[in-house]
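So the structure is just underneath, and the comments pick up after that.
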Amino acid sequence: MSTELQTKIDELETIHHSSLIREKVQMICQLAEKENEQALLAQMRYELHLWNMTTHNNDPKGRFHPLFRFTNEKNEEIAFADPDKFTPEAFDYFLHEMTKTKNPIRRARYADFVWEKYRDLAGKKHVQAGQTAIDAYLDCSQLLLGKLKVPNPEKNQFEPMSKLANSIVRALVLSTQIGSQPKKESVLKNAFDALAVLIGTQYGGSVLQISQAILNIRDLEVAEIKTLKSLLEKGKAYFESLSDESTLVIQFLEELIEIAKFEKNDAEVKRLNIEIGETLIKAAEWKGANYPSGKMVESGMLERAFKHFSDIGESSRLDELKIRIKKAHQEAQSEYGSFEVPFEITQAEIEGFFNAYKKVKPDITLEEYLVIIATHKNIRFSLESARKEVEKYKTEFPLMAIMPRRLIANDNTVHSTNTHESQNEILLCDQWNNFRAVLGAYLHHYFRHLFDNLGLTAERLAEFLAQQEFLKPKKSIIQTAMRLWASGDYLSFIHLIVPHLEDILRSFLVPLNEPTTSTQSGVYREIDLGQVLDNPKMAQVFREDLIYSLKMLLVDVRGTNLRNRVGHGIINPSECNPAIAALLLHVLIILGSFNTKKIDPPQTS
């Protein structure tokens with residue numbers, strides 16, 4: 001064995017970071033292979049697999065897990081660094097190294113893995129390995145606490161403190177699993193010593209992690225509960241003294257609630273719950289005054305406070321919070337302001353659309369124009385095009401693409417984004433809303449041109465629609481609705497046609513042999529429009545683009561949500577405008593183009 005190789009093996013005893021140990025082991029593997037040290041190479045491969053595994057404290061499936069899984073060409077699932085694939089020789093090696101190494105990081109890993117995965121011939125665990133793991137984790141915690149006592153301002157201390165908490169938490173879990181009272185008492189003493197050092201520092205997350213593990217030990221002494229409560233109260237007070245640390249304050253309060261429940265002190269539970277609500281209100285006020293676009297943040301925090309007080313039964317606070325939420329919403333909207341992007345639709349442009357078809361077919365009828373408007377691919381929303389626009393937008397405006405969003409309607413938050421997936425979805429919704437605004441304007445002009453210049457009447461349009469298979473049962477409704485539209489009474493037209501659109505769409509389920517009703521507690525009711533549009537067979541009939549548009553127009557809070565807002569009487573009269581009415585008329589014509597023999601209507605270009 002070369003001096004270089006021996007030096008690298010010796011260095012394993014001085015490294016106190018698992019990822020650096022893994023890197024060093026990898027170097028040793030390469031050198032051992034190069035020098036043909038086959039026995040050492042086999043041992044280092046055991047090491048490499050051990051250090052490549054991921055670990056989880058609170059996973060019921062166990063602490064050690066593969067680094068990742070993948071499926072090979074034979075469709076077989078392969079686990080990389082699989083904890084269930086170690087040989088008896090590997091366990092013999094770990095047992096030897098567990099007693100040999102002076103490095104507590106390595107000793108804890110070897111011993112913990114043997115405790116969890118090794119079984120003797122009688123199927124019993126290796127108790128000595130579990131006890132060694134506890135002692136090693138406590139040694140790790142002392143090593144990491146030493147780093148806190150000698151701070152280095154140039155280094156990030158949060159990671160070591162997280163590892164400190166993990167070491168103590170794992171030692172607590174192991175002491176419970178082994179059932180050794182002396183070990184449990186030793187671990188608890190170390191845990192309280194660590195908390196005493198961490199309290200009053202910025203490492204609140206580590207404090208909470210340790211305290212939660214302590215509370216999981218259900219046979220705590222009264223004095224231990226009292227000590228833990230005192231430490232948590234000091235931690236809460238520390239973060240209350242800092243600006244914008246409400247999240248940690250609330251987490252400390254939640255931990256104190258667990259202690260109050262442990263003590264069966266209902267009055268204290270209630271007091272602490274009220275304090276959480278008050279903390280949310282204070283945080284809302286501070287963020288509203290100090291954050292950019294703070295009123296939007298304030299309104300969200302006040303909504304959390306409202307929900308919290310509602311959940312704990314403090315109804316006396318709700319009316320006041322409703323007023324404050326509404327005020328914050330209004331101020332938030334004024335913060336952002338609004339802008340208009342004017343576009344002009346000329347009469348020549350409208351006439352050009354119709355004349356293009358007139359040239360192709362001089363005797364074209366008004367009904368054929370209606371079919372063209374219903375099936376024209378450029379007058380349909382395309383999800384494929386919208387997704388491309390979203391990706392383009394994310395490239396051009398990366399910050400705007402990741403900023404969380406909240407949608408407000410009628411002074412209430414109706415949607416908020418908090419994940420990458422929900423952020424992508426809202427950007428897609430933006431594309432539909434933009435398309436809808438332009439399409440509604442064009443459709444209004446197309447329909448008005450048919451009425452004002454080409455001789456279409458409400459009676460002729462109603463007759464055309466009522467002849468269509470899925471619209472026939474609504475003949476009298478359609479006749480009234482067309483008269484309202486033609487007279488310009490868009491408010492009445494929208495309120496009449498929207499609920500009947502739901503029933504028309506539900507009727508598509510009948511030829512698909514899908515139920516149109518559901519039962520709850522023995523009472524039958526019509527399934528709602530959201531369920532209708534979510535039915536997989538409806539997606540097969542209407543295709544993805546149309547289903548998406550129908551959802552956004554009628555039931556999605558991120559769109560116009562007409563079915564719910566009209567049905568609950570919360571739509572603003574100003575929103576019942578010609579463009580929205582034209583979109584609904586367009587949907588009627590599209591639905592009329594379907595029949596039970598022709599499920600997917602053609603598209604014209």
Side-chain angles (χ1 to χ4, degrees), residues 1-57 62-70 72 78-118 129 132-133 135-147 150 152 154-164 166-167 170:
M1 182 184 302
S2 68
T3 304
E4 181 185 7
L5 184 53
Q6 185 61 56
T7 300
K8 292 193 182 301
I9 293 172
D10 294 342
E11 287 171 350
L12 289 173
E13 289 295 279
T14 61
I15 301 173
H16 297 143
H17 197 293
S18 58
S19 63
L20 297 179
I21 292 175
R22 181 172 60 249
E23 289 175 11
K24 187 66 67 175
V25 168
Q26 198 159 4
M27 292 179 192
I28 295 170
C29 280
Q30 292 168 352
L31 272 175
E33 189 170 15
K34 184 178 178 182
E35 297 182 15
N36 200 29
E37 295 282 352
Q38 293 302 317
L40 176 63
L41 180 60
Q43 292 172 348
M44 289 300 106
R45 283 175 174 163
Y46 300 152
E47 290 263 7
L48 194 58
H49 278 72
L50 181 69
W51 294 100
N52 269 324
M53 287 185 288
T54 60
T55 57
H56 305 285
N57 266 333
R63 177 165 174 77
F64 294 91
H65 299 266
L67 182 62
F68 59 84
R69 297 180 185 272
F70 64 94
N72 65 13
I78 308 296
F80 182 77
D82 190 340
D84 297 319
K85 299 294 184 183
F86 284 83
T87 63
E89 292 78 12
F91 282 111
D92 288 341
Y93 171 75
F94 295 144
L95 282 165
H96 177 265
E97 291 299 305
M98 175 184 86
T99 58
K100 175 186 169 186
T101 182
K102 303 299 181 186
N103 185 339
I105 308 292
R106 295 178 71 198
R107 188 165 66 254
R109 188 80 160 199
Y110 299 138
D112 198 354
F113 184 69
V114 170
W115 161 255
E116 181 164 300
K117 292 296 180 180
Y118 177 80
T132 300
D135 293 336
Y137 280 121
L138 294 182
D139 290 343
C140 290
S141 69
Q142 292 302 313
L143 181 70
L144 294 164
L145 272 176
K147 293 185 178 184
V150 186
N152 184 347
E154 295 183 3
K155 288 190 175 181
N156 180 6
Q157 295 286 92
F158 281 95
E159 186 179 9
M161 292 312 104
S162 173
K163 292 184 180 300
L164 163 66
N166 284 332
S167 296
R170 184 57 182 168

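Remember, predicted model here, so these are calculated numbers, not experimental data.
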Run the salt bridge (Lys or Arg N to Asp or Glu O under 4.0 Å) test against Glu116 and tell me which residues pass, sequence neighbours left out. Arg170

According to side-chain hydrogen bond (donor to acceptor under 3.5 Å, both in side chains), who are the partners of Lys8, at least two apart in sequence or on a separate chain? none

Mind running side chain to side chain contact (heavy atoms under 4.5 Å, CB included) on Leu144 and Ser167 for me, showing each step along the way? CA-CA 9 Å; Leu144 294 164; Ser167 296; 4.3 Å; yes

Over all heavy atoms of both residues, which pair between His49 and Phe86 is shortest? Give the atoms and the distance, please. CB-CZ, 3.6 Å

Report yes if some heavy atom in the side chain of Thr54 is under 4.5 Å from a heavy atom in the side chain of Phe68; otherwise report no. no

Results of side-chain contact (heavy atoms from CB on, under 4.5 Å) for His16 - residues two or more places apart only: Asn103, Ile105, Leu143

Here the pair of heavy atoms bringing Asn52 nearest to Ala81 is CB-CB, 3.8 Å

side-chain contact (heavy atoms from CB on, under 4.5 Å) filter on Ala79, not counting sequence neighbours, yields Pro66, Arg69, Asp82

Walk me through it: do Val25 and Leu50 pass the test side chain to side chain contact (heavy atoms under 4.5 Å, CB included)? CA-CA 10 Å; Val25 168; Leu50 181 69; over 6 Å; no

Where the side chain of Glu37 meets the backbone of Met1, is there a donor-acceptor pair that is under 3.5 Å apart? yes

Could you work out, with side-chain hydrogen bond (donor to acceptor under 3.5 Å, both in side chains) as the rule, every residue matching Asn166, not counting sequence neighbours? Asn57, Gln209

Spacing of Phe80 atom CZ and Lys85 atom NZ [to the nearest 0.5 Å]: 14.5 Å

Salt bridge (Lys or Arg N to Asp or Glu O under 4.0 Å) partners of residues 87-96, not counting sequence neighbours, each pair once: none

Sequence neighbours excluded, which residues qualify as side-chain contact (heavy atoms from CB on, under 4.5 Å) partners of His96? Lys100

Using the side-chain contact (heavy atoms from CB on, under 4.5 Å) criterion, which residues pair with Ala136? Sequence neighbours excluded. Arg107, Ala108

Just how far is it from atom OH of Tyr93 to atom OG1 of Thr87, taken to the nearest 0.5 Å? 12.5 Å

Name all residues meeting the ring-ring contact (aromatic ring centres under 6.0 Å, His included) criterion together with Phe64; count only those two or more places apart in sequence or in a different chain, and write none if there are none. Phe113

side-chain hydrogen bond (donor to acceptor under 3.5 Å, both in side chains) with Arg106: which residues, sequence neighbours excluded? Glu13, Glu47, Tyr110

Rounding to 0.5 Å, atoms CD (Glu4) and CD1 (Ile9) come to a distance of 11.0 Å

Quick one: closest heavy-atom pair of Leu40 and Ala32, and the distance? CD2-CB, 4.1 Å

For Cys29 versus Arg45, what's the shortest heavy-atom pair and its separation? SG-N, 4.0 Å

Here the gap from Asp112 atom CG to Thr132 atom OG1, rounded to the nearest 0.5 Å, amounts to 11.0 Å

Nearest 0.5 Å, please: how far is CD1 in Ile21 from CD in Gln26? 14.0 Å

List in chain and number order the residues that pass side-chain hydrogen bond (donor to acceptor under 3.5 Å, both in side chains) with Gln30, two or more places apart in sequence or in another chain; answer none if no residue qualifies. none

Flag the pair Phe94 / Tyr118 as yes when their ring centroid distance falls below 6.0 Å, and as no otherwise. no

So salt bridge (Lys or Arg N to Asp or Glu O under 4.0 Å) across residues 23-35, not counting sequence neighbours, yields Glu11-Lys24

Spatial distance of atom CG (Leu12) from atom CE (Met27) [nearest 0.5 Å]: 10.5 Å

